[in-house]
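Below: one structure, written as structure tokens.
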Amino acid sequence: MNKKLQLITNHNYSVINYLKVFHKKLQLLDTIIQPQSNQLNAQLTFISPLIQIYSLFDSSNLFYLTEDQETINILLNSDSNTNGCTQWFHFQVRALKPTVTIKFKILNNRRSKQLLTNSKPYTSKSTCFDLHYYRTNIHHPYYANDDQYISQYQKLMAFYTLEFKFTFTDDDIITFAYAEPYPLSRALQLRDHKTIGHTQLNNPIIQIKRGKAKQYVVILARQHPSETSGSFVVEELINIIDSSKYRYIIYPMVNPDGVFLGNSRCNLHGVDLNRKWINPQFSSEPEVYLIKQSLEKYKQKIVMMVDLHGHSTQQNYFIFGCANNENNNNEIKSFIAQFQNHSLFNLKCCSLETQANRKNTARQTFWYQYKVQFSITIEISLFGTENGRFTNTDYKEIAKQIFNSIENCNEPISDQIQLPMIENLGNDQNDSESECDEDFVLDMVLKKNKYYDNKRFLIKQKTVQGETQCLQQSEQDQKLKQLLLPKLKTIKSMTKSEHKQQTKMEHENQVKLKQDSFQKNFNIINYFPQRNTQPKRMSSIKKEFNLNKNPQIKVEQLKKYLII
């Protein structure tokens, strides 16, 4: 089997070798990746006398399978470079016998609050039944034998099982997914797109412009790969935008690597992109870095930013904005008031809170850094309304309402009498699932590594110091266990001045940390004057400092050598 993995699109924009990526993520040797869905070009992952299961295509996620009579047990793969971030699933099944009923059990979901039991998973034909979603402990051979870290990790974190049945009536390929899939290949077929850069996997980050004007509206979608409803709405927006009032700059696929790999929240590096907007790094979050770089020349002209997300615990769609006493709250409330008569809109879930633990999100970064008053997140439910999932017609209606509201922004609303001013917006009890406190990702991985590093150290000390150290180890293990366990974050409202002060403090701390590190490294360099040679990196500093003594670096001098 050919080990070269090729991603082929209608645009034929590149030929990409994904072997190393999937080998690292899925621990497979020979894999063929195809971005198209609903076809047999995907990898045959599992076969039994009753069914065949396919995965390893664009946006799929399925890691390990076992069969127990007519029950298929499934383990989802965590987001790349994380342990435990599992929510999105996407795979295809073909029955080998007519009229066969199979029970599927997805064992390692991470989210506790979901609408899956009410709305059911997405299926391309017919529907599943006898559905249950419940907390469970995983006792699976893979966890017990092949990965001791995950085996220990799952003892500290709660997992949930999604169980459902499906009856296959013919040999058609049936797609199962957390929500209706919107793969990377579909985004790359959007017309008039421009590539502003590439990710580490060489996937393009695309930009689309619509309208002609001197004021700009920025639209983002798909920061989190599993939130596909944002992609369906942004596609409809691209089709209908025709404006002479604003120039629209649209990024329909902010996280192409995460979408292709079938991640739930993160990019290739295990980074939640919606936590990195204030100071993104090209090495770990190139997507946000390149988008901000492309907007640099427009930042003084941006009047609105719309970030489209999906939501898994609330129905309909709703808005989060930024407002406080320094803003004219009435203008933002008037903007939201335009939506409240729309049948698919949920006013009760809207909020204008600016929160300390959200300051790195796109919404609050555009509000604070670019001074964009109308900086909002629009959450579109992944499970639609009480009547079922959103249809293409629903997505068109939502897109049309968003576009009309943007065009009417800062203008008198003709039916203002029917749209009274909203008085109470600001409670955070309906917090965004796409920004929820349950998501630990890198933070939890770092704590886990710290836990095991400390544990190894204590075990080593135990052999030297005897039984007394054993007692200390037990106490330390208890403290580290408490450190690993999830803790609810305290949410605090922020004003712009507090936002500015906190960001400035973090920046100063970063400068001080780099200064101390540089000073320490500088002092330990042994300079020998009897030698004719010297380190090149020190040559430019020698003229200004006596290297034979213990030099002190001034901040002004330091700034010449540090990139902050």
Side-chain angles (χ1 to χ4, degrees), residues 35-48 50-63 65 67 70-77 86-109 111 114-134 160-183 185-186 225-229 231-232 259 262 264 310-312 315 380-395:
Q36 297 84 356
S37 60
N38 291 324
Q39 60 179 342
L40 287 176
N41 291 331
Q43 177 74 21
L44 177 61
T45 307
F46 179 87
I47 185 169
S48 76
L50 298 177
I51 60 172
Q52 293 176 337
I53 299 180
Y54 298 87
S55 67
L56 299 180
F57 50 86
D58 185 359
S59 84
S60 68
N61 183 11
L62 190 154
F63 178 50
L65 292 164
E67 184 181 19
E70 294 184 354
T71 299
I72 303 297
N73 297 310
I74 298 172
L75 288 177
L76 302 177
N77 190 69
T86 51
Q87 178 182 16
W88 173 258
F89 60 88
H90 182 196
F91 56 93
Q92 296 169 355
V93 181
R94 180 178 185 178
L96 301 179
K97 295 181 179 181
T99 317
V100 57
T101 299
I102 301 294
K103 178 190 288 187
F104 295 90
K105 295 176 70 174
I106 301 177
L107 301 174
N108 59 335
N109 295 274
R111 302 293 187 196
Q114 309 246 17
L115 293 177
L116 281 170
T117 52
N118 296 330
S119 302
K120 301 181 181 179
Y122 170 83
T123 55
S124 57
K125 184 178 179 180
S126 186
T127 184
C128 57
F129 60 95
D130 195 15
L131 188 144
H132 306 280
Y133 191 74
Y134 51 90
Y160 297 83
T161 291
L162 172 64
E163 178 183 313
F164 60 90
K165 294 180 180 179
F166 188 91
T167 299
F168 298 85
T169 57
D170 49 41
D171 61 351
D172 287 348
I173 300 174
I174 306 298
T175 297
F176 296 87
Y178 181 78
E180 184 176 359
Y182 190 105
S185 55
R186 179 166 174 172
S226 64
E227 298 169 10
T228 58
S229 54
S231 286
F232 288 105
V259 170
S264 294
H311 207 281
S312 65
Q315 292 176 325
I380 304 113
S381 177
L382 294 167
F383 300 101
T385 67
E386 294 179 355
N387 298 324
R389 292 180 182 269
F390 287 134
T391 63
N392 290 335
T393 302
D394 293 330
Y395 288 130

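When a residue number appears, it is its place in the shown sequence, counting from 1.
- No donor-acceptor pair under 3.5 Å is formed between the side chain of Ser59 and the backbone N or O of Pro183.
- Side-chain contact between Ile51 and Ile72: present, with at least one pair of heavy atoms (C-beta onward) separated by less than 4.5 Å.
- With hydrogens and angles ignored, the 3.5 Å screen pairs a side-chain donor or acceptor of Asp58 with a backbone N or O of Ser185.
- Rounded to the nearest 0.5 angstrom, Phe166 CZ and Phe176 CZ are separated by 4.5 Å.
- Between Tyr122 and His90, the ring centre distance reaches or exceeds 6.0 Å.
- Judged by distance alone, the side chain of Ser231 and the main-chain N or O of Tyr182 form no donor-acceptor pair under 3.5 Å.
- Between the side chain of Ser264 and the backbone N or O of Ser226, no donor-acceptor pair lies under 3.5 Å.
- Side chains of Ile173 and Ser124 form no contact here, defined as non-hydrogen atoms less than 4.5 Å apart.
- Taking CG from Asn392 and CD from Glu180, the interatomic distance works out to 6.5 Å, rounded to the nearest 0.5 Å.
- Ile74 places a side-chain heavy atom less than 4.5 Å from the side chain of Phe91.
- Counting heavy atoms from C-beta outward, Phe383 and Leu116 have side chains that approach closer than 4.5 Å.
- Looking at Ser229, its side chain does come within 3.5 Å of a backbone N or O of Ile380 through a donor-acceptor pair.
- At a threshold of 4.5 Å between non-hydrogen side-chain atoms, the residues Phe104 and Pro121 do not count as touching.
- Ring pair Tyr160/Tyr133 is parallel by interplanar angle, where below 30° counts as parallel and above 60° as perpendicular.
- To the nearest 0.5 Å, the span separating CG on Leu96 from CD on Gln52 amounts to 4.5 Å.
- Between Phe164 and Lys120 there is no side-chain heavy-atom pair separated by less than 4.5 Å.
- A distance of 10.5 Å separates CH2 of Trp88 from CD of Glu227, quoted to the nearest 0.5 Å.
- Within the 4.5 Å cutoff, the side chain of Thr228 has no heavy atoms near those of the Tyr178 side chain.
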Candidate pair Phe63 and Ser55, rule side chain to side chain contact (heavy atoms under 4.5 Å, CB included), full reasoning: CA-CA 9 Å; Phe63 178 50; Ser55 67; over 6 Å; no

Pair Leu56-Leu62, side chain to side chain contact (heavy atoms under 4.5 Å, CB included): steps then yes or no: CA-CA 8 Å; Leu56 299 180; Leu62 190 154; over 6 Å; no

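- Between Ser126 and Thr169 there is no side-chain heavy-atom pair separated by less than 4.5 Å.
- Although no hydrogens or angles enter the test, the distance criterion places a donor-acceptor pair under 3.5 Å between the side chain of Arg94 and the main chain of Asp171.
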Trace of the side chain to side chain contact (heavy atoms under 4.5 Å, CB included) decision for Phe168 with Leu50: CA-CA 10 Å; Phe168 298 85; Leu50 298 177; over 6 Å; no

Asp170 vs Lys125, side chain to side chain contact (heavy atoms under 4.5 Å, CB included): CA-CA, chis, key distance, verdict: CA-CA 11 Å; Asp170 49 41; Lys125 184 178 179 180; 2.7 Å; yes

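- In this structure, the side chain of Asn77 does not engage the main chain of Asn61 through any donor-acceptor pair within 3.5 Å.
- Atoms NZ and NZ, from Lys165 and Lys105 in turn, are 11.0 Å apart once rounded to the nearest 0.5 Å.
- Taking the six-membered ring wherever Trp is involved, the centroid distance between the rings of Phe232 and Phe390 does not fall below 6.0 Å.
- The structure places CG of Leu75 at 5.0 Å from CG of Asn108, a figure rounded to the nearest 0.5 Å.
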